[in-house]
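What you see below is based on every heavy atom in this structure, not just the backbone, and it leaves out hydrogens, waters and symmetry mates.
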Amino acid sequence: YIDVIKIALQDKSPIVSMSAAWALALPEYPEHCRIILPVLNMFDNWSMNFLASLLAGMGSGAAVDLRQALMDPQAGQRDRIACAEALRILGDLAAADPAAHLLDEVVEPELQAALLRLLGQVGVGAHRAVVKRFLEADTFIVRLHALSTIGRLGVAEDGELIRDRLADESNWVALHAARTL
């Protein structure tokens, strides 16, 4: 029934198309990622956690397609965030370098935060320099996730940078600074 389900993916009813996407998103068929990603924007009203879980449910076999969609500047921001979150759930180590590269290019705070979360899961010490630049970001959510990521990737010498964030104008950032220390 896969062909019938693929047709249902294009249905105008969000519950029908989402049910079809969920039925297609199986680890046995990671190639279905290529047909789900182009219609992901139909699910803008669905929870980001739900979308990320859907994409991650296809398993590591879909990681290449998820990385390509994440790096695609033509893809919608929400789609790229869902891909970043799915790669984080999968623990896709190959996503670390592209995420660090992309972090320097994107300007959307929500996407920057998703990339920082991804790096916090799969990044390595070599990504510290990129992450540290975002400790001074204009948006508190970006500073918050940069702190969390530095907490995972950082070294003792980063303590001073983290300590400085205790006086951040955002209470949430200051709280994360304390947790990170």
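Distance check, rounded to the nearest 0.5 Å: CZ of Arg165 to OG of Ser170 gives 9.5 Å. Here the straight-line distance linking atom NE2 of His176 with atom NE2 of His145 works out to 6.5 Å at 0.5 Å rounding. To the nearest 0.5 Å, the span separating CD on Glu85 from CG on Leu55 amounts to 11.0 Å. Rounding to the nearest 0.5 Å gives a distance of 12.0 Å between CD1 of Ile150 and NE2 of His127. With rounding to the nearest 0.5 Å, the separation of CZ in Arg179 from CG in Leu144 is 9.0 Å. Taking CE of Met71 as the start and SG of Cys83 as the end, the distance is 12.0 Å to the nearest 0.5 Å.
Put simply, the residue from Asp92, Leu115, Val122, Leu93 that forms a side chain to side chain contact (heavy atoms under 4.5 Å, CB included) with Leu87 is Asp92.
Contact record, Ile89 with Ala56: CG2-CB, 3.7 Å, taken as the closest heavy-atom pair. For the pair Ala96 and Gly123, the tightest heavy-atom approach, listed with the atom from each and the gap, is CB-CA, 4.1 Å. Considering all non-hydrogen atoms of both residues, Arg133 and Asp104 come closest at NH2-OD2, 2.6 Å. Of all non-hydrogen atoms in Ala69 and Leu37, the two that sit nearest each other are CB-CD1, 3.8 Å. Between Met42 and Leu9, the shortest heavy-atom contact is CE-O, 3.7 Å. When all heavy atoms are compared, the tightest approach of Pro38 to Cys33 is CD-O, 4.4 Å.
In the hydrophobic clustering of ILVMFWY residues, with side-chain heavy atoms under 4.5 Å counting as a link, Val124 and Leu153 come out apart. Both Ile141 and Val130 belong to a single network of hydrophobic side chains, linked directly or stepwise wherever heavy atoms of I, L, V, M, F, W or Y lie under 4.5 Å apart. Hydrophobic clustering places Leu175 together with Leu166 (ILVMFWY residues linked when any side-chain heavy atoms are closer than 4.5 Å, directly or through intermediates). Residues Ile15 and Ile5 share a single hydrophobic cluster, defined by chaining ILVMFWY side chains whose heavy atoms lie under 4.5 Å apart. Grouping the Ile, Leu, Val, Met, Phe, Trp and Tyr side chains by contacts below 4.5 angstrom, directly or via other members, places Ile35 with Met18.
Side-chain contact between Asn41 and Arg78 is absent, with no heavy-atom pair separated by less than 4.5 Å. Side-chain contact between Asp164 and Leu135 is absent, with no heavy atoms from C-beta onward closer than 4.5 Å. The shortest side-chain heavy-atom distance between Ile36 and Leu54 falls under the 4.5 Å cut-off. The side-chain heavy atoms of Gln10 and Val39, taken from C-beta on, include a pair separated by under 4.5 Å. Put simply, the side chain of Asp79 does not reach to within 4.5 Å of the side chain of Asp72, judged on heavy atoms. Between Ile81 and Glu108, the closest side-chain pair of non-hydrogen atoms is not below 4.5 Å. No side-chain heavy atom of Gln121 sits less than 4.5 Å from a side-chain heavy atom of Arg152. Between Glu110 and Met48 the shortest side-chain heavy-atom distance does not fall below 4.5 Å.
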* Leu90/Leu66 under side-chain contact (heavy atoms from CB on, under 4.5 Å): CA gap, chis, key distance, verdict -> CA-CA 11 Å; Leu90 291 171; Leu66 293 171; 3.9 Å; yes

* To do: Could you walk me through whether Ile2 and His32 pass side-chain contact (heavy atoms from CB on, under 4.5 Å), step by step?
  => CA-CA 10 Å; Ile2 286 179; His32 288 168; 4.0 Å; yes

* Can you check side-chain contact (heavy atoms from CB on, under 4.5 Å) on Thr180 and Asp158, steps first, answer last? -> CA-CA 10 Å; Thr180 300; Asp158 294 330; over 6 Å; no

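Counting only distance, with no hydrogens or angles, the side chain of Arg143 and the backbone of Phe134 share no donor-acceptor pair below 3.5 Å. A side-chain donor-acceptor contact under 3.5 Å links Thr149 to the backbone of Leu116.
The aromatic ring centres of Phe43 and Trp22 sit 6.0 Å or more apart.
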